[in-house]
Amino acid sequence: MGRSPCCEKAHTNKGAWTREEDQRLVAYIKAHGEGCWRSLPKAAGLMRCGKSCRLRWINYLRPDLKRGNFTEEEDDLIINLHQILGNKWSQIAGRLPGRTDNEIKNYWNTHIKRKLLARGIDPQTHRPLSAAVAPSCNRQDKMAARSSCSPETSCAGHSSDDDSGGTSVPRLANIDLNLSISQPSQHPSTRSLPER
DNA sequence: AACTCCTCCAACCGCAATTCG
DNA sequence: CCGAATTGCGGTTGGAGGAGT
């Protein structure tokens with residue numbers, strides 16, 4: 001039975017994080033480092049499941065997050081990476097320092113997807129939309145279809161050059177893509193928390 | 001000025017993959 | 001080597017805020 005994922009106890013908070021919760025989480029991780037998400041909430045005095053703590057830290061509280069608008073360079077890089085990797089958001093995020101998979105995923109769904117559709121490019125295949133495209137009833141697609149005018153239609157020229165094959169998402173396991181944005185200072189995995 | 005609709009983002013959920021005993 | 005536990009990932013959703021009427 002019991003595959004109680006994490007929130008076995010009903011005494012866990014859900015929804016938006018409070019300032020105090022954030023402070024507790026940050027303080028705890030600064031002191032003890034990341035990891036052991038399962039036991040972290042209790043140790044840190046948080047009424048959250050480990051999963052929620054991890055997500056909050058990764059996507060919002062980490063000190064090395066860039067936040068703010070995506071640059072044109074990032075924009076273009078995401079499109080290129082997505083063309084190769086597909087919806088592997090974490091892998092894409094790994095090549096954009098300071099960005100998280102969740103952030104990129106959101107950005108893709110709200111901004112880039114629409115942009116590509118407006119250009120007549122299928123966001124999934126990166127190929128020109130054909131007339132035979134099924135009218136999906138997705139919320140996002142409807143949005144995309146509605147506003148067919150992208151705010152900034154300036155993009156680097158990445159025409160549909162490659163992908164001459166038929167299959168969509170390739171088999172790359174560990175291609176060393178030269179696609180990445182140089183990091184300002186440190187490597188995420190080597191990141192040292194500002195100890196206090 | 002009030003109301004409605006739309007957009008975007010933070011967070012949740014379930015499943016997959018990985019690690020541990 | 002196997003099963004259980006934990007972590008990580010990607011899809012999806014709910015609600016706050018903004019724009020338009």
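In what follows, chains are A, B, ... by sequence order, proteins preceding strands, each numbered from 1. The structure displayed is predicted, hence computed values, not measured ones.
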A.B. asks: Could you tell me which residues satisfy side-chain hydrogen bond (donor to acceptor under 3.5 Å, both in side chains) with A/Arg54, sequence neighbours excluded, listed by chain and number?
C.D. replies: none
A.B. asks: Can a side chain N or O of A/Lys14 be found less than 4.0 Å away from OP1 or OP2 on B/dC13?
C.D. replies: yes
A.B. asks: Indicate the atoms forming the closest heavy-atom contact of A/His126 with A/Ile79, along with that distance.
C.D. replies: CE1-O, 3.5 Å
A.B. asks: Salt bridge (charged side-chain N to carboxylate O under 4.0 Å, His left out): which pairs involve residues 96-107 of chain A, sequence neighbours left out?
C.D. replies: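 The answer is A/Glu74-A/Arg99, A/Arg99-A/Glu103.
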A.B. asks: Please tell me which of the listed nucleotides, C/dG10, B/dC13, B/dC12, lies nearest to the side chain of A/Asn87?
C.D. replies: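 For the A/Asn87 side chain, the nearest candidate turns out to be C/dG10.
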A.B. asks: Whole angstroms only, please: what is the CZ-C1' distance between A/Arg38 and B/dC20?
C.D. replies: 14 Å
A.B. asks: Using a cut-off of less than 4.0 Å, is there contact between a side-chain N or O of A/Arg56 and OP1 or OP2 of B/dA11?
C.D. replies: yes
A.B. asks: Closest to the A/Arg48 side chain: B/dC12, B/dA10, C/dG11?
C.D. replies: B/dC12
A.B. asks: Nearest-Å distance, CH2 (A/Trp108) to P (C/dG10)?
C.D. replies: 14 Å
A.B. asks: Expressed as a whole number of angstroms, how long is the span from A/Leu61:CG to B/dA10:C1'?
C.D. replies: 12 Å
A.B. asks: For the side chain of A/Lys51, counting heavy atoms from C-beta on, which of B/dT7, B/dC15, C/dG10 is nearest?
C.D. replies: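 Minimum distance to the A/Lys51 side chain belongs to B/dC15.
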A.B. asks: Do the side chains of A/Arg48 and A/Leu25 get nearer than 4.5 Å, heavy atoms only?
C.D. replies: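 Of all side-chain heavy-atom pairs linking A/Arg48 with A/Leu25, none is under 4.5 Å.
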A.B. asks: In whole angstrom, what separates A/Asn109's CG from B/dC6's P?
C.D. replies: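 Checked: the CG to P distance equals 19 Å.
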A.B. asks: Let me know the distance between CG of A/Leu40 and P of C/dG8, rounded to the nearest Å.
C.D. replies: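 Value for this atom pair: 12 Å.
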A.B. asks: Could you check which of B/dC8, B/dA10, C/dC9 has an atom nearest any side-chain atom of A/Asp101?
C.D. replies: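 Output: C/dC9.
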A.B. asks: Quick check: does any side chain N or O of A/His111 sit under 3.5 Å from a backbone N or O of A/Tyr107, one acting as donor and the other as acceptor?
C.D. replies: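 No: the side chain of A/His111 does not pair with the backbone of A/Tyr107.
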A.B. asks: Which nucleotide in the set B/dC8, C/dT7, B/dA10 lies at the smallest distance from any side-chain heavy atom of A/Trp37?
C.D. replies: C/dT7
A.B. asks: Has the side chain of A/Asn59 got a donor or acceptor that lies under 3.5 Å from a partner of the other kind on the base of B/dA11?
C.D. replies: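 For A/Asn59, whose side chain was compared with the base of B/dA11, there is no donor-acceptor pair (under 3.5 Å).
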A.B. asks: Can you tell me the distance, in whole Å, between the CD1 atom of A/Ile58 and the P atom of B/dA10?
C.D. replies: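 Between P of B/dA10 and CD1 of A/Ile58: 15 Å.
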A.B. asks: Within the structure, does a side-chain N or O atom of A/Ser52 lie under 4.0 Å from either OP1 or OP2 of B/dA11?
C.D. replies: no
A.B. asks: Give a yes/no on whether any side-chain N or O of A/Ser90 is located under 4.0 angstrom from OP1 or OP2 of C/dC9.
C.D. replies: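 Yes, because at least one side-chain N or O of A/Ser90 sits under 4.0 Å from OP1 or OP2 of C/dC9.
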A.B. asks: Counting distance alone, no hydrogens or angles: does the base of C/dG11 have a donor or acceptor under 3.5 Å from a partner atom on the side chain of A/Lys105?
C.D. replies: yes
A.B. asks: Counting side-chain heavy atoms from CB outward, which of C/dG11, C/dC9, B/dA10 is closest to A/Asn106?
C.D. replies: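 Minimum distance to the A/Asn106 side chain belongs to B/dA10.
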A.B. asks: Check the phosphate of C/dC9 against A/Arg54, side-chain N and O only, distance under 4.0 Å to OP1 or OP2. Yes or no?
C.D. replies: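 Yes, A/Arg54 has a side-chain N/O under 4.0 Å of OP1/OP2 on C/dC9.
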A.B. asks: What is the distance, rounded to the nearest whole Å, between atom CG of A/Leu46 and atom P of B/dA11?
C.D. replies: 13 Å
A.B. asks: Taking only side-chain N and O atoms of A/Trp89, does any of them lie within less than 4.0 angstrom of OP1 or OP2 on C/dG11?
C.D. replies: yes
A.B. asks: What integer distance in Å separates A/Leu55:CG from C/dG11:C1'?
C.D. replies: 13 Å
A.B. asks: Within the structure, does a side-chain N or O atom of A/Asn102 lie under 4.0 Å from either OP1 or OP2 of C/dG10?
C.D. replies: no
A.B. asks: Do you know the tightest heavy-atom contact between A/Ser52 and A/Trp17?
C.D. replies: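 Looks like OG-NE1, 3.4 Å.
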